[in-house]
Amino acid sequence: MRRHEHLYYVLDHPEISDSQYDALMRQLQAIEESHPELVTADSPTQRVGGKPREGFVKVRHSSAMLSLDNALNEGELLDFDRRVRELLAGDPFQYTAEVKLDGLSMAAHYDSGLFVKAITRGDGLEGEDVTENARTIRALPLRVPNALPRFEVRGEVVMLTKNFQKLNEEREREGLPRYANPRNSAAGSLRVLEPAVTAARQLNFFAYFLLVDGKPFYPGHWESLEAMRQMGFKVNPRSCVCADAGALFSFCQSMEEARDTLPYEIDGVVAKVDSVAQQDRLGWTAKAPRWAIAFKFPPRQAETVVENIEVQVGRTGALTPVARLRPVAISGVTVSNATLHNEDEIQRLDLRIGDTVLIERSGDVIPKVVRVVRHGEHRVPFTMPARCPICGGDVVRAEGEAASRCVNSNCPARLKETILHFAARGVMDIDGMGEALADQLVDRGLVDGVAGIYSLTLDQLLGLERMGPKSAEKILQNIDRSRAQPLARVLNGLGIPFVGERTAQILADTFGDLDKIAAADSDALQTANEVGPKVAQSIRGFFDDARNRDLVEVLRAAGLQFTQEIRGPVGGPLTGSTFVLTGTLPTMTREQAKARIEALGGKVTDSVSKKTTYVVAGEAAGSKLTKAEKLGVPVLDEAGLLGLLDSSKSI
Ligand code: IVH
């Protein structure tokens, strides 16, 4: 499992599928369950996040974690280089240059090859002990074989842009405020009191210093990066040795160009004099080393005027206000739109049409409005339209939701988005079915949903704009090929709210059959991992709608894959039993109880029904306990649960 963690999280080169890894994890959990004496601090099971904490303890760093001086342009970079050359008085030297990751720095300590402590940078002298949270970062090895007896690795904790976007989408759905950028969300995620939350946020760690007793261990920085890579740490591949300032500046330029294509945010390049002996000669100022510099990229921000606010309609019918901007260039890209997410966001920004705003472009995120800089003279307030701007249907904002939605499921805007989602790469993968085609298909009434895709004819396609016989045939071929896509993709393609790629895969692995999923009641659905009442309800709601059942029949007739082999959880003595946990247990957290039940094949759900096997009640158990008593579901206390777990193990 360690090898697979390293392949996946450090080398980005997995050899087994996620579900195979999950199966290994469950197997290990089951073994540790029956042999608790085998559980070690560096076991992969310890990465899922244990007990919540009360607060963080302050810890002193082995040596200061200071910051860097900045160079904002080529001239300042050359100034830095000149100072280094002067101070080294003609000695030959080299730079090691690395990308400057936009996250937060952290020191990870190892003793006898084992990860023992992690400390945030804090004020540079003293940081916070975030050991338990850092343990959940899969790129951080918990054990380093044949390592130095004691050492420390410093590096950057970052959140990948795609995880950041996913997190913000989730937060929006749950009515929580969005994080401003990946750095803030990485910092927030590392400093939550509940390690299980950190685990779910999937943070990453890139190593850039190897220290023993607070000092570099190897004579050269490049050597040190190489050594950490060998030890199993993730070291950013975008680093190089530069012989002089010219080479260094070219590296800065090429990284600035690559910036938008990287899966994480970088805000510059860090250059370090490679030789540690020379670093010592150069020394430090009060706040930063004289042997290193941060070449900062220009901020991807600019001011411009909001000329209008328009509303777009997405696949789920959500109305997204979009600011139409006076076009402005931000690091080489002309920006004329920025998303405003929802009504609350506009209120929070106190934004009105005519205002001058600060716009930011970050990663592949759509540009966003950071704040209002100046009020316009004639400010026009924005109100969410009461009718859908596309179809005129009713717009409803459900209680507790941030989004207003068009409720007409035949709204052309929704249909187009639905088709684009269905055909997208990673879903049904119908190459060529892009925006231009989806628009025409819907506008001309050739399709009224994804079902229509499979009955398109060559003649129909040939009648469209900019469609030659070659591309039309190619598209029909691609549509035909998509019939072979596996069940999980078909499920994802249906666009059931809350059923994305991962949940679709889990459902496919658990049930193996679309008809079984469509027929399952909420409790049965919740026997699948990670499927709670909210997701189950959404799936039920989808299949209870006659129009969706018709869609399923059309897709069946079109020959799509409705079954696959079941790759469910490895069975255990509690397979088939469902548990509901309520109240506070005396010694276990809910997460721990859940892990132990699941390790034996049991399933933990949120709501009590006749089919619940046991309710486990702790202190201050509420309505779930009452309901269990009413339905005659057996109730266990913690001792009862432990007894059951123990006796199950011997089966
Ligand atoms: S070296 C004394 N290397 O940038 C040397 N820092 O402005 C200090 N950072 O606090 C750090 N990537 O959070 C270094 N490859 C890299 C870096 C990096 C990102 C951050 C780090 C530091 C800040 C300095």
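As the structure lists them, so they are numbered: ligands from 1, and atoms in each ligand from 1. These values consider heavy atoms only, across backbone and side chains, with no hydrogens, waters or symmetry-generated copies. This structure is a prediction, so every number in the text was calculated from the model and none was measured.
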Atom NZ of Lys287 with >12 non-hydrogen neighbours under 6.0 angstrom | yes

Give a yes or no on whether Glu307 atom CD has more than 12 heavy-atom contacts from other residues, nucleotides or ligands under 6.0 Å away.
-> yes

Row check, Phe115 ring normal vs Arg135 NZ/CZ: under 6.0 Å, within 45° = no

Ser105 heavy atoms within 4.0 Å reach ligand 1 at atoms 10 (O), 13 (O)

Taking N or O atoms only and a 3.5 Å limit, does Leu101 qualify as a polar contact for ligand 1?
-> yes

For atom 15 (N) of ligand 1, what is the nearest protein heavy atom, given as residue, atom name and distance?
-> Glu98 OE1, 3.0 Å

Would you say Arg2 has more than 12 foreign heavy atoms packed within less than 6.0 Å of its CZ?
-> yes

Atom 4 (O) of ligand 1 [closest protein heavy-atom partner, distance rounded to 0.1 Å] = Lys100 NZ, 3.1 Å

Heavy atom of the protein closest to atom 17 (C) of ligand 1 (residue, atom name, distance) | Tyr208 CE2, 3.4 Å

Contact summary for Pro195 and Leu193, nearest pair of heavy atoms | CD-O, 3.3 Å

For atom 8 (C) of ligand 1, closest protein heavy-atom neighbour | Leu66 O, 3.6 Å

Check: His341 side chain, Ala403 main-chain N or O, donor-acceptor pair, under 3.5 Å | no

Answer yes or no: does atom CD of Glu303 have more than 12 heavy-atom neighbours from other residues, nucleotides or ligands under 6.0 Å?
-> yes

Part of Phe209 with heavy atoms under 4.0 Å of ligand 1, whether side chain, backbone, both or neither | side chain

Salt bridge check: are Glu591 and Lys594 linked by an N-O gap of less than 4.0 Å?
-> no

Return a yes/no value for Trp291: is any of its N or O atoms, backbone included, closer than 3.5 angstrom to an N or O of ligand 1?
-> no

In ligand 1, which numbered atoms sit nearer than 4.0 Å to a non-hydrogen atom of Val99?
-> 12 (N), 15 (N)

Counting heavy atoms under 4.0 Å, the part of Pro289 that contacts ligand 1 is side chain

Out of Lys272, Glu156, Arg121, Lys296, the nearest non-hydrogen contact to atom 3 (N) of ligand 1 is supplied by Lys272

